Number of protein chains: 2
Amino acid sequence: MRDWDDHRLILTLHRCGTLRATGDALDVTHTTVARRLAALEAREPTPVFIRQDRAYRATDYGLERVALAERMEEIDLAAMRVQRSSNNGLAGPLSLSVPQAVFQFLLLKDIGAFAGAHPDIDLTVVGTDRLADLDRGEADVVIRGHANPPEHLVGREICKVGVRNYAHREYLDRTTPDARKWISASDNAVWIKDTPYPHQPVGLVIHDIQSRFLALAAGQGLSRAACFMADPHPDLEPLDDTPPTPLYGLWVLTHPDLRASPKVKALMKAMGDALARQRSMIEG
Amino acid sequence: MRDWDDHRLILTLHRCGTLRATGDALDVTHTTVARRLAALEAREPTPVFIRQDRAYRATDYGLERVALAERMEEIDLAAMRVQRSSNNGLAGPLSLSVPQAVFQFLLLKDIGAFAGAHPDIDLTVVGTDRLADLDRGEADVVIRGHANPPEHLVGREICKVGVRNYAHREYLDRTTPDARKWISASDNAVWIKDTPYPHQPVGLVIHDIQSRFLALAAGQGLSRAACFMADPHPDLEPLDDTPPTPLYGLWVLTHPDLRASPKVKALMKAMGDALARQRSMIEG
DNA sequence: TTTTTTTGTAACGTTTACGCACCAGCGGGG
DNA sequence: CCCCGCTGGTGCGTAAACGTTACAAAAAAA
């Protein structure tokens, strides 16, 4: 019988392309990868990989194996989730993925309080924005602003995130209305037409929400921003009095496999309650 | 990232129950299994197995892992089949599962001829009767007498196997009709009522078809037997002149994953043709 | 062009995982 | 009853797998 880890080697080498990158992914050195690959190929009746353009490419046969290995990986990830949820006490590792902005403006104290209330839980906060974290086991709970979260995840929507248009007080003082420019996440910001400055151009494109808010707070231009970020700022003021726009929902999510875990439940409740308490601020 | 071979250890230990049996299954010693298990349990937040009644029993959590490992095994077996079918030349290992009786009476020469015609193919003939061989990769091609072969297998039915009722000439000479007894595969042989001796009892039960035929040929009683086995025998004669009964089909089968392999195709064709050539003898 | 980085390969020394032999404890069968 | 077979556990020597280091070739950068 063959070693099931062979499948992982095939999958990882296919994804990484080189021995060194594969070694990094598998936490071994590239020489080890080379040896394992040589042993694997010796067991196979047909080459699995060929070197082409300074990279390992899977042969047609290798691609079949990769496809099967991908299915295997899904099961391995499922096993990892089962493993995570199996620790039915309030102890052990637990990870929360939350956007930087939410962490900074809404949950800083509450996360600290949770960690203090559960000293046996090793809480890790990761600041990534990718929603795929959950499937790959990189996080147990994620908090995201999203219109329609993937349906295979479970959780609850706390409220809508309200956004308004802001500018720094000094920016408004030192510029004329015709000279003002927008800071936006993309070039084609269609929502600008519904603002007090519908014809002003986008002067600065910043994809990262955190950096964009910093630019706004530094008086670099007009910008749409989440109320919970901008309202506490003493020098930022809304451009008009229209009520905040509920742009997307704020979700606390986990994977179905993890839902039964007491740790996960406790964290979801704590975070959900903390956000619900600040509902008026989030909605604007 | 965890070693995917852990899943195999969990699955095998669950099936075997003891360290030694697991070691035999994995082709390692029981000490190695103990070490791997200790390392695995150390990585798990919750026990996977508990010792109970001198055997390793999976915990509830362990059973979840076993279920996932079973799904993994299916994929691993699929990969094995892909591997087998990938060798697209007429070379390498090839295994044929065929009942002893068919091997001896019908295919002995033809299998030898096939092996001689394809010197680069390492042909292995296994004499098991289990049909599950194909799924577990224990054989590439199976030849079986079966009424309805599993539908997930592919292949063709050569013809029906004809059976008649026979006895050794000397047995008939030295016994009176009332003293004759049947040799059967089971106690409740309902087909006896349609024979020239419908009221004679079953005197000997032999499950194994090969041994049963030997008993018949040794003059131990009356018995139903396949025509292709009994007709060539000089001293066996039918009990009546009724035509042979087509009892079940004779199938040459393989797994869909292997069908594309030239080796498998060649072997299936050779065996199918060889059996078709002897169709009149098989049907009786 | 030269230089730098990144690639895979080869040799060497160490660690780790392995098989082997042996042990005691428990059960079933004679 | 005793004995035999099977269980898992322990110590030891070996062999396989590993990381480190060094090296040559090819692509990328200067």
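Just so we're on the same page: letters track the sequence lines, and every chain starts at 1. This structure is a prediction, so every number in the text was calculated from the model and none was measured.
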Please report the distance, rounded to the nearest Å, between CG in A:D27 and C1' in D:dC18. 13 Å
Rounded to the nearest Å, what distance is computed from the CZ atom of residue B:R51 to the P atom of nucleotide C:dG25? 14 Å
From CD1 of B:I50 across to C1' of D:dT7 the rounded distance in Å is 17 Å
Could a donor-acceptor pair under 3.5 angstrom be found where the side chain of A:H30 meets the base of C:dT9? yes
Just the rounded figure in Å: distance from P of D:dG19 to CG of A:L26. 11 Å
A:L37 has an atom CG; how far is it from atom C1' of C:dA10, in whole Å? 16 Å
So, does the side chain of B:R35 form a donor-acceptor pair with the base of D:dG9 at under 3.5 Å? no
Identify which one of B:S85, B:S97, B:S95 satisfies the side chain to side chain contact (heavy atoms under 4.5 Å, CB included) criterion when paired with B:D140. B:S95
Would you say a side-chain N or O of A:R36 is under 4.0 Å from OP1 or OP2 of D:dC18? yes
What's the spacing between A:L13 CG and A:T18 OG1 if we round to 0.5 Å? 8.0 Å
Mind calculating the distance between CG (A:L19) and C1' (C:dT6) to the nearest angstrom? 12 Å
In sequence, state the C-alpha distance, the side-chain angles, and the governing distance for B:F105 and B:F213, and then conclude on ring pair (Phe, Tyr, Trp, His ring centres under 6.0 Å). CA-CA 12 Å; B:F105 290 98; B:F213 179 76; 5.5 Å; yes
Side chain of B:R54 (C-beta onward), nearest among C:dA10, C:dC26, C:dG19: C:dC26
Distance in angstrom units between A:L40 CG and D:dA17 C1', rounded: 16 Å
Separation of B:D24 atom CG from D:dG8 atom P, in whole Å? 11 Å
Would B:R51 pass as a cation-pi partner of B:Y56, given that its NZ or CZ must be under 6.0 Å from the six-membered ring centre and within 45 degrees of the axis? yes
Other residues, nucleotides and ligands only: do more than 12 of their heavy atoms fall within 6.0 Å of CZ on B:R180? yes
Taking only side-chain N and O atoms of A:T18, does any of them lie within less than 4.0 angstrom of OP1 or OP2 on C:dT7? yes
For D:dG5, does the base pair up with any side-chain atom of B:R20 as donor and acceptor (N or O, under 3.5 Å, distance only)? no
